[in-house]
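These values consider heavy atoms only, across backbone and side chains, with no hydrogens, waters or symmetry-generated copies. What you see is a predicted model, and the numbers here were worked out from it, not measured in a lab. All chains are named by letter (A, B, ...) in the order of the sequence lines, taking the proteins before the strands, and each is independently numbered beginning at 1.
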Amino acid sequence: GDGGGETDEGAAGGESNVQLVNEGKLTTCTGLPYKPFQYEEGGDVVGFDVDLVDLVAEDLGVEQEIVDTPFDGIQSGADLNAGKCDLAAAGMTITDVREKNLDFSDPYFEATQALLAKKGSGVTDLASLSGKKLAVQNGTTGFDYAQENAKDVELVNFEDLGLLLTAVETGQVDAGINDNGVLYDWVKEKTDFEVTTEFDTGEEYGIGVKTGNKALLELINKHIAEAKSSGKYDEIYEKWFGKAPESK
Amino acid sequence: MTEVVIEITGLTKSFGQLEVLRGIDLTVTRGQVVCVIGPSGSGKSTLLRCVNLLEEPNSGSVVVNGVELNDPDADIDAARTRIGMVFQSFNLFAHQNVLNNLTLAQRKVLKRDRAKAQEVALANLERVGLSEKVNAMPGELSGGQQQRAAIARALSMDPDVMLFDEPTSALDPELVGEVLSVMRQLATEGMTMLVVTHEMQFAREVADTVLFMDAGVVVEQGPATQVIGNPRQERTKSFLHRVLNPVHVDEK
Amino acid sequence: MTEVVIEITGLTKSFGQLEVLRGIDLTVTRGQVVCVIGPSGSGKSTLLRCVNLLEEPNSGSVVVNGVELNDPDADIDAARTRIGMVFQSFNLFAHQNVLNNLTLAQRKVLKRDRAKAQEVALANLERVGLSEKVNAMPGELSGGQQQRAAIARALSMDPDVMLFDEPTSALDPELVGEVLSVMRQLATEGMTMLVVTHEMQFAREVADTVLFMDAGVVVEQGPATQVIGNPRQERTKSFLHRVLNPVHVDEK
Amino acid sequence: MALSRRKRARLIRGTQYAILVVVAVVFALTADWTRIQQAFFRPEVVREMFPDVITVALLNTVIYTGLGFGFGLALAIPLALMRLSSVAPYRWISGIYVEFFRGLPALLVILAVGNGVPIAFPGAILNKYLALMVALGIVGSAYMAETLRAGIQAVPAGQVEAARSLGMSPMRTTIWVVIPQAFKIILPPLTNELILLTKDSSLALFLGASISEYELTQFGRVALNQYQSLTPVLVAGVCYLIITIPLSYLSRYLEKRGGGKKISSPESTGLDVTP
Amino acid sequence: MALSRRKRARLIRGTQYAILVVVAVVFALTADWTRIQQAFFRPEVVREMFPDVITVALLNTVIYTGLGFGFGLALAIPLALMRLSSVAPYRWISGIYVEFFRGLPALLVILAVGNGVPIAFPGAILNKYLALMVALGIVGSAYMAETLRAGIQAVPAGQVEAARSLGMSPMRTTIWVVIPQAFKIILPPLTNELILLTKDSSLALFLGASISEYELTQFGRVALNQYQSLTPVLVAGVCYLIITIPLSYLSRYLEKRGGGKKISSPESTGLDVTP
Ligand SMILES: Nc1ncnc2c1ncn2[C@@H]1O[C@H](COP(=O)(O)OP(=O)(O)OP(=O)(O)O)[C@@H](O)[C@H]1O
Ligand SMILES: Nc1ncnc2c1ncn2[C@@H]1O[C@H](COP(=O)(O)OP(=O)(O)OP(=O)(O)O)[C@@H](O)[C@H]1O
Ligand SMILES: [Mg+2]
Ligand SMILES: [Mg+2]
């Protein structure tokens with residue numbers, strides 16, 4: 001619906017008056033690569049989060065522009081505060097600590113921490129990693145989880161998921177911890193590897209905006225709700241994960 | 001006609017602990033040629049540099065053309081335009097050709113217009129025999145030519161007195177002559193000159209007064225025939241023996 | 001007793017396009033002192049440097065002590081120990097004291113033991129009047145002292161012939177004498193010497209033969225009294241006029 | 001030991017060539033060439049990267065570097081003048097600034113500007129170009145200030161004395177004699193600083209960038225992840241060399257023109273030291 | 001225009017001090033001091049960081065730098081000798097190596113070694129220390145090779161000629177005359193390269209690190225996120241200065257001892273150029 005888009009834009013502009021940091025663009029902070037939520041393919045950034053935020057951008061009648069920036073700047077709110085972007089959609093879990101530094105939308109995705117290891121390596125859980133190396137990503141909830149729960153395990157801190165996965169793949173570390181969504185996606189291609197366990201951390205992803213940016217937050221929440229009720233959400237989900245969402 | 005051009009009284013100068021000049025008195029009258037000789041490190045260059053205040057004296061007075069230079073209220077730049085200085089190492093402006101070397105200060109300091117400055121420059125280049133090198137860069141000239149250009153540059157400011165600090169020491173032996181002969185000609189034309197030199201033949205022939213310095217004091221002073229030909233002081237004698245008769249310094 | 005020490009025949013040397021030596025013949029016999037004079041750039045240094053092969057000649061032959069140096073199969077290092085070289089810029093080893101400067105090559109090349117090398121070194125320092133500077137570093141010496149130490153270093157290898165390239169040009173005038181008198185003494189002791197110099201008084205008194213070079217050729221050659229005192233060639237005359245009578249080069 | 005020149009020369013050169021040939025042969029035989037090609041040079045990856053690696057990444061590298069260099073120079077000029085001032089506090093301020101920023105890694109400065117400043121001063125909005133310009137400019141300015149100062153002081157004292165004894169004031173001397181000559185002295189090291197900044201611009205990825213803002217390193221890094229091959233890094237590297245090698249030749253040319261020493265002939269230096 | 005010395009000096013100094021005072025006062029009045037303290041210096045954060053910032057981070061920075069420097073020097077010596085060889089292919093190989101790695105950002109080299117090599121050569125396990133040693137070593141070696149070469153060539157030709165005319169062979173000349181003198185010449189620039197490597201070691205965070213392997217920049221960066229304050233970056237910065245500033249004084253001291261030029265007095269240089 002082109003016509004619908006126009007009316008929506010008028011309505012959004014009229015009721016909420018969203019201020020954008022870059023005129024004519026909805027700027028999204030994200031940390032590449034984070035497949036399938038966002039990653040580069042053929043010169044474009046694509047993925048689940050990208051499609052979701054595009055719904056908001058369409059409503060505003062602007063293009064989405066994606067800024068690739070280290071994840072710990074995103075989750076700390078620094079990038080939003082610095083005006084680097086309007087929102088952060090980076091497969092980011094809603095946590096109390098992060099809530100202090102930025103405002104989260106309603107949850108749009110359920111996730112949990114999971115362990116990645118080479119098949120047949122005997123790494124099945126944190127206990128089996130005792131004395132071994134576990135790759136974590138700087139600033140992530142996996143980092144926090146491992147720090148709390150993985151005693152006697154050497155945590156190796158990587159800048160981004162790409163570096164982490166490469167380290168696991170090339171054997172620099174014995175295993176890696178990260179969100180289940182991205183790990184399952186990765187082992188689809190790398191069949192030598194498997195997700196050996198999930199930690200059932202019960203996390204939910206949210207889209208972040210600068211603290212106090214009510215107008216934008218409301219607009220995002222509106223679209224998340226709309227997408228879920230209209231079936232648009234399921235459509236996008238299936239496009240990126242190859243199957244319909246299990247629970248909802 | 002014994003107008004005083006340079007009058008130095010009780011001049012002392014130290015670098016840190018090192019007393020380089022220890023009470024120098026010197027008077028140079030108009031048209032006089034004074035040569036300063038003495039061993040290395042005796043303070044000859046420092047004396048000369050005090051005359052145009054390139055070094056600031058510790059005490060004593062330096063009066064040039066009636067201006068007390070050591071007075072903080074003296075217009076030192078104006079005074080310097082009347083004092084030509086020629087250095088051992090020529091110091092032509094490396095980034096300018098010969099003509100611009102001669103006209104720069106005329107135009108910026110004396111405020112002469114370009115035409116006038118060039119006229120003066122060309123006349124002075126003629127005087128030192130360098131007319132055909134007007135457009136050469138300093139690097140393209142021999143040492144002797146550079147030094148003659150430097151003399152012409154100083155002369156272009158129409159100075160009352162010329163200071164020379166070992167103007168031929170950095171030159172190949174066969175190039176010394178061309179510079180000395182320009183200096184001799186200047187002396188003949190009546191220029192007041194204060195010359196630090198090791199060229200005894202020049203001092204003997206051209207100087208009205210020769211000053212022998214050692215360790216920061218004037219040891220002996222008088223006509224060339226006396227100081228060089230028949231020195232009275234032991235220090236002067238032994239210096240002159242070393243310089244004039246180098247092959248036999250061990251005998252004696 | 002007219003044993004030939006250096007025999008140079010048809011020597012030529014070019015740097016790229018520039019022909020610096022254009023056919024030099026020269027014979028130096030044992031005990032002879034030969035002085036080479038001539039304008040800057042005439043090839044004097046290059047000639048000297050060809051004698052110990054610091055420059056490789058383009059053609060011609062250089063025979064020293066019966067060894068044809070230009071032959072690629074010659075043991076050049078061995079030959080060089082018999083040829084002492086003294087440079088304008090002294091070139092004492094900057095990181096070693098005077099004693100080590102004198103013993104280094106004796107020990108590493110002649111394989112003398114430390115005691116023997118020091119004995120030779122001390123004797124030669126005595127010879128040049130530097131006994132009290134045994135432990136000084138080069139930087140602590142005056143130019144004249146450095147040059148005398150350099151002479152002693154060359155002498156410590158017991159050379160058959162000594163080459164001097166303007167050994168006094170880099171010195172203050174009062175320090176020239178101490179070096180010249182050491183050289184005169186060496187000549188008296190019968191050392192074979194080939195000396196590039198601008199010191200006419202030295203050449204006149206000490207040289208058996210004086211060679212005047214210009215533009216890569218020997219223009220005039222003969223006893224000092226003749227070449228310096230009564231030159232036959234026009235080029236020699238004008239050079240000597242410039243050097244001996246610098247104040248009046250413009251007359252004539 | 002006492003070999004003739006010809007024999008020694010033959011021996012030395014012979015040995016060296018022999019070693020070279022042996023090493024080359026061993027390398028050629030043992031190396032797995034298909035593997036090496038796969039690792040370092042996959043033509044299809046190179047093809048994928050063009051033209052963006054030039055039109056976007058190389059261009060952005062040049063832009064960021066240029067901005068940093070310009071801003072750095074603008075900071076460096078007053079800093080150098082302050083360093084040469086007769087007023088002591090100016091000398092101190094400039095001295096402390098230079099010592100401080102010369103001693104810090106560029107990455108730390110970029111982190112401080114890009115991440116720290118917004119944290120420290122909430123509300124401060126830093127545009128990517130602005131942030132890089134400031135960060136790279138600060139990094140460069142400390143070096144450039146020293147270069148400018150050294151260049152000014154490297155003008156031989158005799159040139160200043162000559163001007164002063166012609167009656168030129170300190171200011172006139174500076175303008176007409178010192179600066180024109182310092183300029184020539186300063187150009188080669190300034191070119192070198194441009195090279196250093198080009199390389200430091202690789203740290204821009206810490207400030208985040210949209211695809212159109214990628215410079216060479218970020219571009220290469222993203223592609224490295226995408227293609228799982230060293231080829232993108234190699235392509236990015238070659239692009240850096242396209243900038244830096246000509247600049248370093250320029251710098252050496254300027255240095256020589258400014259009057260370097262003549263290099264003496266091999267025999268006279270005796271420096272054939274390889275065993 | 002034609003002011004007397006005293007008046008000119010007074011005017012110049014007066015103006016400069018006036019500007020200084022005005023700037024200082026404006027700054028003191030407009031700045032929000034509590035805010036600045038909060039942003040840059042929160043004592044409790046500093047306290048939290050100790051002693052790990054020293055015992056772990058600073059120590060690791062020194063270790064990584066030392067490893068890189070040692071490996072770099074070990075590479076640089078043969079490279080410099082090759083550059084001076086009479087065998088042309090050696091000169092080419094060494095020349096290409098130096099040009100290549102001098103022109104690349106350190107970050108790209110670290111990425112290539114730490115990330116690229118394992119991808120390119122499956123099975124290769126790179127220990128963090130080893131990877132950094134190799135990467136920083138390669139970065140440093142290109143510079144150090146040039147420094148060594150230049151140092152050897154900077155020994156005055158006259159020294160070599162003197163040794164050769166005493167009958168010393170090229171090899172003996174090199175060992176007994178050239179190397180001892182080159183050493184003195186090389187020390188200051190080598191110290192500077194140690195400083196550069198110290199700063200480049202900040203890029204180690206790209207290789208991934210366990211907490212005990214953090215060096216200063218990564219340590220500061222993690223703390224920056226934790227405390228949301230610039231304080232950790234400042235603390236890390238000060239730690240770098242603890243290494244780099246003494247080294248740079250050492251370098252300058254060595255340079256002076258090696259015989260720099262005397263600096264002339266202010267009046268004779270006429271360089272009071274500030275307006
Ligand atoms: N700027 C300076 N700082 C410190 N010492 C200096 C300075 N200028 C000169 N001296 C010292 O002052 C002494 C006298 O120097 P000066 O140059 O006047 O001697 P000189 O008679 O000209 O010698 P020369 O014949 O070698 O030129 C020397 O010992 C010198 O080292
Ligand atoms: N290594 C070199 N490469 C190129 N040209 C050289 C070299 N050495 C000397 N020349 C040139 O060869 C010519 C003769 O030089 P040489 O040093 O032999 O002259 P000289 O008679 O000793 O002069 P001077 O009295 O100035 O020492 C000069 O034109 C000089 O520029
Ligand atoms: Mg002097
Ligand atoms: Mg010569």
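Geometrically, C:R148 does not engage C:F90 in a cation-pi contact, judged by NZ or CZ lying under 6.0 Å from the ring centre and within 45° of the ring axis.
Salt bridge absent: B:K133 and B:E140 never bring a charged side-chain N and a carboxylate O closer than 4.0 Å.
Neither the backbone nor the side chain of C:Q185 has a heavy atom closer than 4.5 Å to any heavy atom of chain B. With a threshold of 4.5 angstrom between heavy atoms, C:F239 approaches chain B through side-chain atoms but not through N, CA, C or O. Within the 4.5 angstrom heavy-atom criterion, atoms from both the backbone and the side chain of C:Q201 approach chain B.
Taking chain B as the reference chain and counting heavy-atom pairs below 4.5 Å, the highest number among C:G129, C:S181, C:S169, C:S142 is found for C:S181. Chain C forms the most heavy-atom pairs under 4.5 Å with one residue out of B:V176, B:V247, B:L180, and that residue is B:V247. The candidate from B:R242, B:M183, B:R184 with the greatest count of non-hydrogen atom pairs under 4.5 Å with chain C is B:R184.
At a cut-off of 3.5 Å, with distance as the only test, no side-chain donor of B:E174 or C:H198 sits close to an acceptor on the other residue. In the model, B:Q233 has no side-chain atom that pairs as donor or acceptor with a side-chain atom of B:D214 under 3.5 Å.
Remark: B:R204 pairs with B:I228, B:L244 by the side-chain contact (heavy atoms from CB on, under 4.5 Å) rule, at least two apart or across chains.
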